[in-house]
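So you know, we letter chains A, B, ... as the sequences are listed, proteins then strands, and number each from 1.
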There are 2 protein chains.
Amino acid sequence: METIPHPEIDAVQLSTVLTALSDPTRLAIVRRLAEAGCEIACSGLGDAAYKTKLSYHLRILREAGLTRTRAEGTSRLVSLRSAEIDSRFPGLLAAVLRAEREPSDLI
Amino acid sequence: METIPHPEIDAVQLSTVLTALSDPTRLAIVRRLAEAGCEIACSGLGDAAYKTKLSYHLRILREAGLTRTRAEGTSRLVSLRSAEIDSRFPGLLAAVLRAEREPSDLI
DNA sequence: CCTTATGTTCAATATTTTTTGAACAAGCGG
DNA sequence: CCGCTTGTTCAAAAAATATTGAACATAAGG
């Protein structure tokens, strides 16, 4: 029952993607998803004490077309749309992930 | 007499660069500078009717480390720090510039 | 000098984005 | 059915960004 909306990759705009990636919290989430290379539950992406904050940032990432979220039981599994993003904006995600992690990155 | 401050390329942070690039007005300026491949005066980068707006966005770009500004007579010449940015964040600028221009881009 | 052309700065607004807390939803295990 | 876990939504507050207009700075040309 996929009721969670995701944009078509062709409808994704560059500036929206850049805005999504420009926030350190979200960049850290994207890094973690990239390193994992698989779906991760929300609970594995942030501190339980800041659930609504995480929920907000995950929505921004999803609506920007960077991630895909799927409900599984009572949790939600999030993954990076790496291949799609790379086909839409070749090299962009790789370049961002290649940059070294900065101390300000946090979740 | 270089009194205009510019960040060292090594001090430039990824999220600052992404924030700077995420605004359509600034992205359009960066594109124009990239296509020109040389210095351009402010007057060639925006509408004269919105001078202070342009000034603001150029300052954001400069402080983010994306551009270099140099005074020449009564005008200021702006250029893209392409090579430096590419050494700091390999492939990033190229990937951004490779993405097709969107209709929302404007100055 | 005086004037014009380029741009900047400052302060006030307006707008957008983030953060928070309270309330809600839905699945799961007992 | 109950209570617990996971996570969302909503509205309010806080914080960060962007836009505007008035005033200023400085170089160049006459």
Side-chain angles (χ1 to χ4, degrees), chain A residues 1-6 13 15-30 32-33 39-79 104-107, chain B residues 1-6 13 15-30 32-33 39-79 104-107:
Chain A
M1 231 156 277
E2 173 77 20
T3 180
I4 305 169
H6 292 83
Q13 283 192 268
S15 57
T16 308
V17 168
L18 293 176
T19 299
L21 292 173
S22 70
D23 179 85
T25 299
R26 292 190 293 258
L27 194 50
I29 292 172
V30 168
R32 190 174 296 197
L33 288 170
E39 295 175 314
I40 298 186
C42 298
S43 57
L45 290 172
D47 190 323
Y50 301 96
K51 287 194 305 183
T52 101
K53 188 177 167 188
L54 180 62
S55 194
Y56 168 73
H57 286 297
L58 287 178
R59 183 165 63 78
I60 300 289
L61 287 171
R62 173 165 43 78
E63 290 178 352
L66 281 164
T67 59
R68 189 169 293 283
T69 302
R70 159 174 96 79
E72 176 81 14
T74 179
S75 48
R76 284 181 174 212
L77 300 178
V78 183
S79 57
S104 63
D105 291 3
L106 50 87
I107 300 185
Chain B
M1 230 158 275
E2 173 77 20
T3 180
I4 305 170
H6 292 82
Q13 284 193 268
S15 55
T16 308
V17 167
L18 293 175
T19 299
L21 292 173
S22 69
D23 180 86
T25 300
R26 293 190 293 258
L27 194 50
I29 292 172
V30 167
R32 190 173 297 196
L33 288 170
E39 296 175 313
I40 298 187
C42 297
S43 56
L45 290 170
D47 188 323
Y50 302 95
K51 288 195 305 184
T52 103
K53 189 178 167 188
L54 180 61
S55 194
Y56 168 73
H57 287 297
L58 287 177
R59 183 164 63 77
I60 300 288
L61 287 171
R62 173 165 43 76
E63 290 178 352
L66 281 164
T67 59
R68 189 168 293 284
T69 302
R70 159 175 96 79
E72 175 81 12
T74 178
S75 50
R76 285 183 173 210
L77 301 178
V78 183
S79 57
S104 64
D105 291 3
L106 51 87
I107 299 184

Next item on the list: Looking only at side-chain atoms of B:Ile60, point me to the closest of D:dA18, C:dG7, C:dT18.
Entry: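 Per side-chain heavy atoms of B:Ile60, the pick is D:dA18.
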
Next item on the list: Go through C:dT18, D:dA18, D:dG7 for me and flag the one nearest to the B:Asp23 side chain.
Entry: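 Closest nucleotide among those given: D:dA18.
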
Next item on the list: Remember a base hit wins even if backbone is also touched, and classify B:Ala41 as base, sugar-phosphate or nothing at under 4.0 Å, heavy atoms.
Entry: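 Answer is sugar-phosphate: B:Ala41 comes under 4.0 Å of backbone atoms only.
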
What are the two closest heavy atoms between [X] and [Y], and how far apart are they?
X: B:Ser79; Y: B:Glu39; value: CB-CG, 3.9 Å
X: B:Ile4; Y: B:Arg76; value: CD1-NH1, 3.5 Å
X: A:Val78; Y: A:Leu33; value: O-CD2, 3.4 Å
X: B:Leu58; Y: B:Cys42; value: CD1-SG, 3.6 Å
X: A:His57; Y: A:Thr25; value: CD2-CG2, 3.8 Å
X: A:Leu54; Y: A:Leu45; value: CD1-O, 4.0 Å

Between [N] ([atom2]) and [X] ([atom1]): distance, integer Å:
X: A:Leu77; N: D:dT6; atom1: CG; atom2: C1'; answer: 11 Å
X: B:Leu54; N: D:dA18; atom1: CG; atom2: C1'; answer: 14 Å
X: A:Glu39; N: D:dT6; atom1: CD; atom2: C1'; answer: 16 Å
X: A:Glu63; N: C:dT18; atom1: CD; atom2: P; answer: 12 Å
X: A:Arg70; N: D:dT6; atom1: CZ; atom2: P; answer: 17 Å
X: A:Asp47; N: C:dT19; atom1: CG; atom2: C1'; answer: 14 Å

Taking only side-chain nitrogens and oxygens of [X], does any of them come within less than 4.0 Å of OP1 or OP2 of [N]?
X: B:Arg76; N: C:dT8; result: yes
X: A:Ser55; N: D:dT8; result: yes
X: A:His57; N: C:dT17; result: no
X: A:Arg59; N: D:dG7; result: no

Notebook entry, point to check: Where along nucleotides 20-30 of chain D does protein come under 4.0 Å, by heavy atom, of base (B) or sugar-phosphate alone (S), with - for untouched nucleotides?
Noted result: BBB---BSS--

Item checked: Residues B:Tyr56, B:Ile60; criterion side chain to side chain contact (heavy atoms under 4.5 Å, CB included); working and verdict -> CA-CA 6 Å; B:Tyr56 168 73; B:Ile60 300 288; 4.0 Å; yes

Check: In Å and rounded to the nearest 0.5 Å, what is the CG to CZ distance from A:Leu77 to A:Arg68?
Finding: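 Going from CG on A:Leu77 over to CZ on A:Arg68, the span is 13.0 Å.
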
Item checked: For A:Ser22, all residues meeting side chain to side chain contact (heavy atoms under 4.5 Å, CB included), sequence neighbours excluded ->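 A:Ser22: side chain to side chain contact (heavy atoms under 4.5 Å, CB included) contacts with B:Leu18, B:Thr19.
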
Notebook entry, point to check: How far does the helix from C:dC1-D:dG30 to C:dG30-D:dC1 bend, going by the axes of its first and last five pairs, to the nearest 10°?
Noted result: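 Axis angle across the helix from C:dC1-D:dG30 to C:dG30-D:dC1, nearest 10°: 20°.
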
